[in-house]
Amino acid sequence: MAEHAGRRCCLGWDFSTQQVKVVAVDAELNVFYEDSVHFDRDLLEFGTQGGVHVHEDGLTVTSPVLMWVQALDIILEKMKASGFDFSQVLALSGAGQQHGSVYWKAGASQVLASLSPDLLLHEQLQPSRTLLRVPPSGISPWDVMPPGDAGKACFSISDCPVWMDSSTTAQCRQLEATVGGAQALSCLTGSRAYERFTGNQIAKLYQQNPEAYSHTERISLVSSFAASLFLGSHSPIDYSDGSGMNLLRIQDKVWSQACLGACAPHLEEKLGLPVPSCSVVGAISSYFVQRYGFPPGCKVVAFTGDNPASLAGMRLEEGDIAVSLGTSDTLFLWLQEPTPTLEGHIFCNPVDPQHYMALLCFKNGSLMREKIRDELASSSWSEFSKALQSTEMGNCGNLGFYFDVMEITPEIIGRHRFSAENHEVSAFPWDVEIRALIEGQFMAKKIHAEGLGYRVMPKTKILATGGASHNRDILQGWGAYSSFFPRKPALYSARGKQILSYAQVKTTALYNSTL
Ligand SMILES: Nc1ncnc2c1ncn2[C@@H]1O[C@H](COP(=O)(O)OP(=O)(O)O)[C@@H](O)[C@H]1O
Ligand SMILES: O=C(CO)[C@@H](O)[C@H](O)COP(=O)(O)O
């Protein structure tokens, strides 16, 4: 009998950029079961890199919806094979990478409600799909189902736009113009128009593939899509993840008719009503009861975005700051009052619907660090760490900013290095380069957060999460600049201050020259 049999628990799921993960947590909040399916490694047939397909235009980025479903099948089957006692699961909830969208085809709700426990989910949701990898040149990324599959498949498009997409600039400008400009949109929805935000992605789908749009009965975020699989019906979008769409009025938590109208027709009915992030959206579907032995009363709590879920899970309090070092790097904090601006985002708070959270997102996060690791540190994190250990905090004044893909905060691309003498240089020695990367990434977070008025106070706790937060040298490298990760604040605070102002001058110049 498996060691984890017969322990009452809740399950937490994460449908993030590179993998699906699960944890089982008992009544004392001990995590006693963990597993994950890594898309690139475990689902080779989808041919993703970092969990996504980057299309030929370099801007369109999608993930196959069936890959997510299949990953869930694999994890559940592994849990079953390990003797996991599903009958003890009282409730489940989860998170999804933000902004990504799934397009359920007309008839999908009937399929979801009548799944056969004898088959896997992916065998029933898209039975005879021939998978397209990255669409060849000239073919629309909005890959529609072949006609033979009509009526069987549950998805109007098989490749879902995800948060790394930056192909909707035209739709963004259109949306901002409709509501009276970028600041007006930000006051309404918490953010100016951002390419990855779902409303703009929906507008693009409607404009480029109206047929697929009109065949769509429901549009889910990745989070509400995952919840729908467990629920056996369309799960509502929650307020917090719904704030990443440029569609939700963050103050009164209803869809903005002006924004909906600017994106696509009949959109409200395809989105359904948004709900508070802590809502119980229903009981688990009979498919999971019959196939895996979940109890029929097992509650499904609304899924939310991975960053809002981290805010909730890390029990962030006012005054704390969190950094997530996942595929993206993000920085977020709890806010009582929204202060929407032209940079960064205000989302509804997932814990207290009266409050908010602020978030900054940096696209060149872990994948950028991996690239430099592969180029300079023999693809080894321990070699990478050696460079951080052997170089001084502050990097003797050498600074670098590394944006191999178009950054979100701010919009900028390229690698930019500055020597201690303030000259732009084309390379650094390998160990200096590694420290420059880490310190530059952290510096950008601090500068942008301070630009929004956020201050690190003596009592501020900085909490780190995400894959790279396991790496103490990376956290310590970032500690060079302030009381972020304040292990030895007295040792480096003065130096940090000096280098920060130095960096601010350089980054301002760099950003100005690219505007
Ligand atoms: N020891 C490590 N040092 C630095 N980065 C790491 C380490 N282990 C994992 N990572 C990074 O974590 C990333 C994955 O983080 P994770 O939070 O699991 O991503 P996501 O949730 O977006 O799929 C990987 O891309 C990898 O670069
Ligand atoms: O776009 C954002 C936040 O606005 C990203 O943070 C996504 O939510 C992806 O998250 P990870 O997979 O990197 O955790």
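These numbers come from the heavy atoms of this one structure, side chains and all, not from hydrogens, waters or symmetry mates. Model, not experiment: these values are computed from the prediction. Numbering of ligands and ligand atoms starts at 1, following listing order.
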> Can you list the ligand 1 atoms lying under 4.0 Å from a non-hydrogen atom of G466?
Replying inline: 17 (O)
>> Within the 4.0 Å heavy-atom shell around S16, which atoms of ligand 2 are there?
In response: 12 (O)
> Among protein heavy atoms, which lies nearest atom 6 (O) of ligand 2, and at what distance?
Replying inline: S328 OG, 2.8 Å
>> Give the atom numbers and elements of ligand 1 that come within less than 4.0 Å of a heavy atom of I474.
In response: 4 (C)
>> Students should be able to answer this: which protein heavy-atom is nearest to atom 3 (N) of ligand 1, and at what distance?
In response: N471 ND2, 3.0 Å
>> Out of the candidates S223, S277, P350, only one should pair with P308 under the side-chain contact (heavy atoms from CB on, under 4.5 Å) rule; please name it.
In response: P350
> Looking at atom 23 (O) of ligand 1, what's its closest protein heavy atom, distance included?
Replying inline: S16 OG, 2.8 Å
> What part of C361 sits under 4.0 Å from ligand 2 if we count only heavy atoms: the side chain, the backbone, both or neither?
Replying inline: side chain
> Looking at atom 22 (O) of ligand 1, what's its closest protein heavy atom, distance included?
Replying inline: T327 OG1, 2.5 Å
>> Under 4.0 Å from a heavy atom of Q98: which atoms of ligand 2 are those, numbered in the order shown and with their elements?
In response: 3 (C), 7 (C), 8 (O)
> Should H470 be counted as touching ligand 1, given the test is an N or O pair under 3.5 Å?
Replying inline: no
> Can you list the steps and then say if W104 with S220 is a side chain to side chain donor-acceptor pair (under 3.5 Å)?
Replying inline: CA-CA 8 Å; W104 296 95; S220 294; 2.8 Å; yes
>> Applying a heavy-atom cut-off of 4.0 Å, say which part of T330 lies close to ligand 2: side chain, backbone, both or neither.
In response: side chain
>> Does ligand 2 come near enough to W163 that some N or O of the ligand is less than 3.5 Å from an N or O of the residue?
In response: no
> So which of S328, S36, G467, S469 gets nearest to atom 16 (P) of ligand 1, if we judge by its closest heavy atom?
Replying inline: G467
>> With side chain to side chain donor-acceptor pair (under 3.5 Å) as the criterion, how do S63 and H53 come out once you've worked through the C-alpha distance, each side chain's angles and the decisive distance to 0.1 Å?
In response: CA-CA 6 Å; S63 292; H53 292 145; over 6 Å; no
> More than 12 heavy atoms of other residues, nucleotides or ligands under 6.0 Å from OH of Y402: is that the case?
Replying inline: yes
> Between W163, F15, W381, which one has a non-hydrogen atom sitting closest to atom 5 (N) of ligand 1?
Replying inline: W381
>> Distance to the ring centre below 6.0 angstrom and angle to the axis at most 45 degrees; does that hold for R192 and Y194?
In response: yes
> Applying a 4.0 Å heavy-atom criterion (strictly less than), which segment of Q18 is in contact with ligand 2: side chain, backbone, both, or neither?
Replying inline: neither
>> Under the side-chain hydrogen bond (donor to acceptor under 3.5 Å, both in side chains) test against S167, which residue among K204, R196, E195 passes?
In response: K204
> What about R196: any of its N or O atoms under 3.5 Å from an N or O on ligand 2?
Replying inline: yes
> Counting heavy atoms not belonging to E343, are there more than 12 under 6.0 Å from its CD?
Replying inline: yes
> For the residue pair F401 and H416, is the inter-centroid distance of their aromatic rings smaller than 6.0 Å?
Replying inline: no
> Is S324 in polar range of ligand 2, meaning some N or O pair under 3.5 Å apart?
Replying inline: no
> For ligand 1, is K21 a contact, meaning one of its heavy atoms is under 4.0 Å away?
Replying inline: yes
>> With a 3.5 Å distance limit and no angle check, can you tell me whether T178 reaches the backbone of Q174 through a side-chain donor-acceptor pair?
In response: yes
> With a 4.0 Å heavy-atom cut-off (strictly under), which part of D306 contacts ligand 2: side chain, backbone, both or neither?
Replying inline: side chain
> Which part of H345 is near ligand 2, with near meaning a heavy atom under 4.0 Å away: side chain, backbone, both or neither?
Replying inline: neither
>> Among all protein heavy atoms in this structure, tell me which lies nearest to atom 26 (C) of ligand 1, with the distance rounded to 0.1 Å.
In response: E370 OE2, 3.1 Å
>> Distance under 4.0 Å to a non-hydrogen atom of Q18: what atoms of ligand 1 satisfy this?
In response: 14 (C), 23 (O), 24 (C), 25 (O)
> Can you check whether W13 and F303 have ring centres sitting under 6.0 Å from each other?
Replying inline: no
> Got the closest protein heavy atom to atom 13 (C) of ligand 1, with its distance?
Replying inline: S366 OG, 3.5 Å
>> How far is atom 4 (O) of ligand 2 from the closest protein heavy atom, and which atom is that?
In response: H99 NE2, 2.6 Å
>> How far is atom 12 (O) of ligand 2 from the closest protein heavy atom, and which atom is that?
In response: T17 OG1, 2.5 Å
>> Applying a heavy-atom cut-off of 4.0 Å, say which part of L359 lies close to ligand 2: side chain, backbone, both or neither.
In response: side chain
>> Can you name the atoms of ligand 1, numbered from 1 with element, that are less than 4.0 Å from a heavy atom of Q19?
In response: 16 (P), 18 (O), 19 (O), 23 (O)
